Amino acid sequence: MPATVRTRIAPSPTGAPHLGTAYMALFNLAFARKHGGQFILRIEDTDRQRSSKESEEAIFDALHWTGIEWDEGPDCGGEHGPYRQSERLDLYKQEINRLLEKGHAYRCFCTPERLNELRAKQMANKETPRYDGHCLSLSPEESAKRAKSEPFVVRMKIPESGECTFTDELRGDVSIDWTQIDHQVIRKTDGFPTYHLANVVDDHYMGISHVIRGEEWISSTPKHVLLYQYLEWEVPVFAHLPLLRNPDKSKLSKRKNPTGIFYFRDAGYLPEALINYLGMMGYTLPDQREIFSINELSESFDLKRISLGGPIFDLAKLKWLNGRYLREQLQPEEVVQRLQTWKANPNFLEKILPLALQRLETFSDFFPLAQFLFSDQPEYDLETLTGKLQSDQPAKLLKIAEWELEKASPWNRHTLSSIFQKIAETEEMKLKQLMPLFFVAMSGAPVSLPLFDALALLGPDLTRMRLRSALTILGESGNGLSKKGLKSLEKDYASRYGNRID
RNA sequence: GUCCCGUUCGUCUAGCCAGGUUAGGACACCGGGUUUUCAUCCCGGCAACAGGGGUUCGAAUCCCCUACGGGACGCCA
């Protein structure tokens with residue numbers, strides 16, 4: 001074990017903060033604490049198209065909410081900063097040049113078109129898609145000359161034969177043939193490094209001793225190991241944790257499950273219960289206790305106790321655990337406190353009031369009207385939901401809305417309004433015909449507070465869940481989309497609305 | 001398709017590394033009790049070592065094969 005244990009979590013600020021980030025963060029934190037080390041937060045914003053400041057802020061907020069604390073990070077600083085990759089470009093440039101000079105990497109001038117063709121051909125021949133080394137033969141002089149006038153990427157060289165063996169703390173030795181590994185791009189045309197390069201450079205300069213990350217990274221670990229060797233750096237310890245799964249065992253995804261950390265906050269879960277639950281996914285404390293805090297987890301934490309089968313995220317058990325926290329871990333006055341922090345506060349009520357005021361005669365009208373903004377999932381029956389719409393219309397419309405709403409950014413009244421306008425136009429319906437379905441799916445009643453404002457308050461996570469459960473209800477009653485129907489709808493959607501982004 | 005990883009009740013898991021347990025606990029479910037209802041709480045029940053070969057006196061535990069599941073194969077991370 002190295003003198004100082006340093007672990008990190010390195011989320012990329014694209015989209016909503018993910019439960020998986022909190023999951024990985026938890027074990028990284030516990031391991032660092034157990035060994036008296038440090039836990040670092042690093043923002044991996046090398047994807048210029050998709051990274052956003054809002055998303056970065058959201059990561060801080062979400063992680064703070066969970067109670068996970070980091071010793072160094074972009075917001076709190078530290079001795080190994082900056083902790084944002086977009087602020088470390090000189091460093092990557094320097095290391096890329098070193099690799100270039102040593103002949104461990106080379107410039108590639110191939111066009112995306114050529115690469116796509118190549119990939120398609122290889123796929124057709126049932127080969128593993130892989131760069132063919134086209135630009136490998138360029139002389140250093142020619143390469144340097146062309147670089148002055150042409151766009152290029154930098155790729156790392158990969159041995160032509162043999163295999164890479166590295167040790168995973170949890171699985172022992174893992175061997176992968178070099179022939180399976182692509183000549184990975186390490187510098188993009190825009191001059192930014194890719195994850196593979198940036199994470200190795202940063203982990204080295206930040207003194208990361210243990211790389212504890214998701215299983216999805218196993219197959220690219222040889223690239224990382226090779227980069228450490230090329231750069232003549234010490235290779236950190238790797239530990240690949242199992243991935244959280246959907247009930248169908250696929251990797252946890254927002255199409256099938258709530259995965260946004262904010263969903264759990266907004267749906268009324270306690271952060272300590274959520275974290276406790278994540279802590280029991282793939283892990284048990286030596287004494288098998290089921291209620292524990294981050295500190296308690298850290299005290300006895302042992303990587304070797306992690307079980308490798310991918311755990312299925314089970315909302316029912318999380319709810320049970322949350323209930324136990326409410327009635328066993330908190331004093332009643334604390335629960336009142338938490339309720340206020342959640343939604344029972346003047347700030348939230350003030351946002352609702354303008355929507356409800358015209359509809360009030362007495363105070364007692366208020367909560368029944370606003371009820372759906374406080375509940376996890378409103379209830380209604382099938383007939384109320386479908387209303388006057390025919391056959392598979394409701395399911396189609398809900399699905400289209402689900403896809404369209406993924407594009408809603410920023411999530412506000414205006415955006416939401418234009419999305420529904422667009423759906424109405426595209427479907428050649430009047431907004432008036434379209435809306436009842438959504439009023440019911442969202443609020444449980446055909447009439448309710450102004451929908452777009454209400455959705456803005458509800459947030460994307462709760463909204464998505466409600467759309468989805470409406471679809472489930474339709475499906476269970478035989479009014480859902482068949483597999484075939486869904487497929488043709490997807491195609492149809494792509495042609496009329498554009499590509500999905502989820 | 002190729003490569004890699006995995007596999008104990010429906011779900012989360014203990015046990016495996018250092019072979020000998022009636023394979024334990026929790027969620028869910030079912031039944032009973034307490035409670036003016038409901039919930040909580042208490043008691044009980046259901047339910048698993050993926051399959052096949054070895055090694056061994058003895059295999060959930062060690063080895064091999066098969067099956068199944070998952071992940072990766074981007075100028076995403």
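Basis for what follows: all heavy atoms, side chains included, without hydrogens, waters or symmetry-related copies. Throughout, a chain's letter reflects where its sequence line sits, starting with A, and its residues are numbered from 1. This structure is a prediction, so every number in the text was calculated from the model and none was measured.
- The residue R305(A) sits close only to the backbone: its heavy atoms come under 4.0 Å of sugar-phosphate atoms, none of a base.
- Note: OH (Y283(A)) to C1' (rC12(B)) measures 15 Å, nearest angstrom.
- Across rU13(B), rC4(B), rA26(B), the shortest atom-to-atom separation from the side chain of I218(A) is found for rC4(B).
- Taking a 6.0 Å sphere around NZ of K188(A), one finds it holds more than 12 heavy atoms contributed by other residues, nucleotides or ligands.
- Computed from coordinates, the D190(A) CG to rC75(B) P distance equals 12 Å when rounded to whole Å.
- Ring geometry for H204(A) against W233(A) counts as parallel: the plane angle stays under 30°, on a 0 to 90° scale with 60° as the upper cut.
- Between Y277(A) and Y269(A), the ring centre distance reaches or exceeds 6.0 Å.
- Within 4.0 Å (heavy atoms only), C164(A) reaches no atom of the nucleic acid at all.
- Looking at heavy-atom distances under 4.0 Å, S12(A) makes contact with sugar-phosphate atoms alone, never a base.
- Closest to the side chain of K188(A), from the set rG70(B), rC75(B), rG6(B), is rC75(B).
- By the 4.5 Å heavy-atom criterion applied to side chains, R8(A) and F39(A) are not counted as neighbours.
- Among the atoms of the strands shown, none is found under 4.0 Å from any heavy atom of T14(A).
- In the set rG69(B), rU11(B), rC27(B), rC27(B) carries the atom at the smallest distance from any side-chain atom of W320(A).
- Applying the 3.5 Å distance criterion, the base of rG24(B) shares a donor-acceptor pair with the side chain of Q288(A).
- Ring geometry, H64(A) versus F60(A): the interplanar angle falls from 30° to 60°, so the pair is classed tilted.
- A donor N or O paired with an acceptor N or O is not found under 3.5 Å between the base of rC3(B) and the side-chain atoms of S219(A).
- Taking only side-chain atoms of R327(A), from C-beta outward, the nucleotide of rC4(B), rC41(B), rA72(B) with the closest atom is rC41(B).
- Distances from the side chain of V185(A) to the nucleotides rC75(B), rU11(B), rA14(B) place rC75(B) closest.
- Comparing rC76(B), rG25(B), rU13(B) by their closest approach to the side chain of P311(A) singles out rU13(B).
- Residue V174(A) is classed as a sugar-phosphate contact, given heavy-atom separations below 4.0 Å to backbone atoms only.
- The six-membered or imidazole ring of F367(A) lies away from that of F372(A), with a centre-to-centre distance of 6.0 Å or more.
- The separation between I312(A) atom CD1 and rA28(B) atom C1' is 13 Å, rounded to whole Å.
- Listed nucleotides: rG70(B), rU2(B), rA77(B). Nearest to the side chain of Q180(A): rU2(B).
- Within 4.0 Å (heavy atoms only), R187(A) reaches no atom of the nucleic acid at all.
- The listed nucleotides are rG71(B), rC5(B), rC12(B); the one nearest the side chain of E215(A) is rC5(B).
- No engagement by T179(A) is indicated, since no non-hydrogen atom pair under 4.0 Å with the nucleic acid exists.
- The base of rA28(B) does not come close enough to the side chain of K317(A) for any donor and acceptor atom to sit less than 3.5 Å apart.
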